[in-house]
Q: 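To start, I am sharing the structure in question, which I have written as C-alpha cells.
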Protein chains: 2
Amino acid sequence: MNRTVEVPSWTGRLRAAGLRVTQPRLAVLDVVHQDPHASADQVAARVRAEIGSVSTQAVYDTLNTLTEHDILRRFEPAGSAMRFEIATGDNHHHLVCRGCQRVLDVPCAMGSIPCAVPEDPQGFVVEEAEVTYWGTCADCAASRSDPTGEPSAVEGPATAVSSPVTKSQVGNP
Amino acid sequence: MNRTVEVPSWTGRLRAAGLRVTQPRLAVLDVVHQDPHASADQVAARVRAEIGSVSTQAVYDTLNTLTEHDILRRFEPAGSAMRFEIATGDNHHHLVCRGCQRVLDVPCAMGSIPCAVPEDPQGFVVEEAEVTYWGTCADCAASRSDPTGEPSAVEGPATAVSSPVTKSQVGNP
DNA sequence: ACTCTTCCTGGAATCATTCAAGAAAATGCC
DNA sequence: GGCATTTTCTTGAATGATTCCAGGAAGAGT
C-alpha cells in the first residue's frame, strides 16, 4: 500500500449526510483516515496539529455526529477508550494486543452481517455481531521471548485475564 | 427469598486459588452467582443488602482479585460499565440489547477457544475471541411495535449506531 | 449581502474506576 | 486456643474519559 491515497471526497460524504462542511470535520476525517483506531484524545491532538486549535468538545461532538451518520465507526475494546475508524461498510473485526493495545483489522470470514448468528437467540433480534480477538501482536511476542529486546509495556505471562488494563492506558504516544 | 440456593463451594474455590475466605468475597460471589452480568455498582448494592456494609473499594478489589484468579469473568459492552459473571469455563458469548442493556448468554457454536480464528493474523497470537451480539431483546421489540405497551427505556428507532449510550446508563434501577 | 440554522468555544459536572495509607481480620504455627 | 504475620478492608481523595450547558461565531441558502 503506497501513499497515493488520494483523499476521498469528505466534502461529498458530509454533504450527502446533510452535514455542513467545516474545517474541524474535514480535519477529523483526515486524521481518522490516516490513523485508524485513534482515540478521541489522539484525534484531538492531531487535529490541533493540523488546523491550529480545536476544543475537545468540538472533537467529541464531531466524532459523535459522524458516527451517527455512518461516516465513522466507533468501537471500544474493554479497558480502553473509544476508538474510531472510517466506516467502510465492510464488516471487519478487530485484533487487540494485550501488550501494547495496538489494534489490527481483520476481514470477516463470513462476509454477511451479522456474520455469526447464535442458535437460540430467545426472541432476540440480532442486528450486529462484533468480534474482538484478544492476543499478542508480533512485536510484543518478540520482545517478550527475546530478553535482549526491551519488553514494551509487557511484564507478565499475560494470561487470559491477568491484564489489569487501566482505563487511561490508551496506547501509543 | 428462600435460601434453598445451596451455595456452591465458594470457600473451596477461594482456597484453591490461594485466597483468603472473607465475608465480602463470599457475598460478592453469591451476588454475582444469583445475578449474572451485574455491574460493580449493582454488586456493591446487593452485597451491602446482604452483609450490612462494604466499601466500594472492597467490592472493586474483590471483583478484580476474583477475576484475576479466574473465579469471575469480566466483560464490558461498549458504552456500559464492567460486568461480571461466574467463570464457568464454557466459552459462551453475550447478546446485548440496545434498548434496555440487558445481557443474555449464548453458548458458543464452535466450542473451542478461541472459537473463531482470523485467516491472516499477521503474526498476531490470538488467545481469545470475544463475540458480542448487538440487537433488540424480545421485550423491547414488543414494546416498540406495540404502542399500547409501555416503551421500556426505548425511544428511538435504534439504528445500528444511533444509540448514544451514556457511560452512566448502566441498566436497571 | 442578509438571515437563520448549525456549529464551536469555554467552563464545569459526572460517573466509573483506581491510588494510597492505616486499621481490621484471617491464617498458620506453636 | 493464643499470637504473629500476611492479606484484606476502610476512608478519603485523585484521575481521566466523556458529557452537559449557555453564549457567541461561522456556514449555507435566498
Side-chain angles (χ1 to χ4, degrees), chain A residues 10-12 14-29 38-45 47-48 51-69 74-84 101 163-171, chain B residues 10-12 14-29 38-45 47-48 50-69 71 74-84 101 163-171:
Chain A
W10 299 137
T11 304
L14 287 171
R15 286 250 160 76
L19 294 172
R20 294 199 175 165
V21 180
T22 68
Q23 228 187 338
R25 286 183 175 169
L26 290 173
V28 164
L29 282 169
S39 69
D41 253 10
Q42 294 169 329
V43 171
V47 165
R48 286 194 189 99
I51 64 169
S53 88
V54 217
S55 68
T56 308
Q57 279 63 24
V59 174
Y60 273 100
D61 188 21
T62 301
L63 289 170
N64 284 334
T65 305
L66 296 179
T67 302
E68 278 161 25
H69 287 265
R74 166 169 56 190
F75 67 105
E76 186 182 328
S80 92
M82 307 191 296
R83 284 148 182 270
F84 296 87
Q101 305 292 114
S163 167
V165 181
T166 310
K167 204 80 175 177
S168 31
Q169 294 176 350
V170 185
Chain B
W10 298 138
T11 304
L14 287 171
R15 286 250 160 74
L19 295 172
R20 293 196 174 168
V21 180
T22 69
Q23 229 186 338
R25 285 181 176 169
L26 291 173
V28 164
L29 282 168
S39 69
D41 253 12
Q42 294 170 329
V43 171
V47 166
R48 286 192 190 103
E50 221 172 80
I51 64 169
S53 87
V54 218
S55 67
T56 308
Q57 279 62 26
V59 174
Y60 272 99
D61 187 22
T62 301
L63 289 170
N64 284 333
T65 305
L66 295 179
T67 302
E68 278 162 24
H69 287 264
I71 300 176
R74 168 169 54 190
F75 67 104
E76 187 181 328
S80 91
M82 306 191 296
R83 284 149 182 269
F84 297 86
Q101 306 291 116
S163 165
V165 181
T166 310
K167 203 80 175 178
S168 30
Q169 293 178 350
V170 184

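In what follows, chains are A, B, ... by sequence order, proteins preceding strands, each numbered from 1. Worth knowing before you read on, the calculation uses all heavy atoms, side chains too, and leaves out hydrogens, waters and symmetry mates.
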Q: How long is the line joining CD of B:Q57 and P of D:dA13, in whole Å?
A: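 My rounded result for the distance is 12 Å.
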
Q: Could you pull out the closest heavy-atom pair between A:L14 and A:R20, with the gap in Å?
A: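 Scanning both residues, the minimum pair turns out to be CD1-O, 4.2 Å.
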
Q: Taking the nucleotide of DNA chain C with the closest heavy atom to each, which residue, A:Q23 or B:L19, is nearer the 5' end?
A: A:Q23

Q: Could you tell me the separation between the CG atom of B:L66 and the P atom of D:dT7, rounded to a whole number of Å?
A: 16 Å

Q: Output the rounded distance in Å from CG (A:D41) to C1' (D:dT18).
A: 10 Å

Q: Would you say B:T62 reaches D:dC9's phosphate, i.e. side-chain N/O to OP1/OP2 under 4.0 Å?
A: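 B:T62 to D:dC9 OP1/OP2: side-chain N or O found under 4.0 Å.
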
Q: Please tell me which of B:R20 and B:A58 maps to the more 5' nucleotide of DNA chain D, matching each residue to the nucleotide holding its nearest heavy atom.
A: B:R20

Q: Check whether any side-chain nitrogen or oxygen of B:T56 sits under 4.0 Å from OP1 or OP2 of C:dT17, and answer yes or no.
A: no

Q: How long is the line joining CD of A:Q42 and P of D:dT18, in whole Å?
A: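 These atoms are roughly 11 Å apart.
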
Q: Measure the distance from CG on B:D61 to P on D:dT6 and round it to the nearest whole Å.
A: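 Those two atoms, CG and P, are 19 Å apart.
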
Q: Send over the distance from A:E68 CD to C:dC7 C1', rounded to a whole Å.
A: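 In whole Å, C:dC7 C1' and A:E68 CD are 14 Å from each other.
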
Q: Regarding B:S55, tell me which of base, sugar-phosphate or nothing describes its non-hydrogen contacts under 4.0 Å with the strands shown.
A: base

Q: If you only use heavy atoms from C-beta on, which nucleotide in D:dT18, C:dA16, D:dC9 is closest to the side chain of A:M82?
A: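 Closest of the options to the side chain of A:M82: D:dT18.
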
Q: Using whole Å, report how far CG of A:L63 lies from P of C:dC8.
A: 11 Å

Q: Would you say A:N64 places a side-chain N or O within less than 4.0 Å of OP1 or OP2 belonging to D:dT19?
A: yes

Q: Can you identify which nucleotide, out of D:dA28, C:dT27, C:dA16, has its nearest atom closest to the B:R15 side chain?
A: C:dT27

Q: Taking only side-chain nitrogens and oxygens of B:Y60, does any of them come within less than 4.0 Å of OP1 or OP2 of C:dT18?
A: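 For C:dT18, neither OP1 nor OP2 has a side-chain N or O of B:Y60 closer than 4.0 Å.
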
Q: Name the one of B:V28, B:L29, B:T67 that satisfies side-chain contact (heavy atoms from CB on, under 4.5 Å) with B:T62?
A: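 Testing B:T62 for a side-chain contact (heavy atoms from CB on, under 4.5 Å) against B:V28, B:L29, B:T67 leaves exactly one candidate, B:V28.
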
Q: Select from A:S53 and B:T22 the residue whose nearest nucleotide in DNA chain C is closer to the 5' end of that strand.
A: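 Taking each residue's closest nucleotide, the earlier one in sequence belongs to A:S53.
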
Q: Give the rounded distance in Å between these two atoms: CD1 of A:I51 and P of C:dT9.
A: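 A:I51 atom CD1 is separated from C:dT9 atom P by 8 Å.
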
Q: Hey, does the side chain of A:R25 come within less than 4.0 Å of D:dG27's phosphate (OP1/OP2), counting only N and O?
A: no

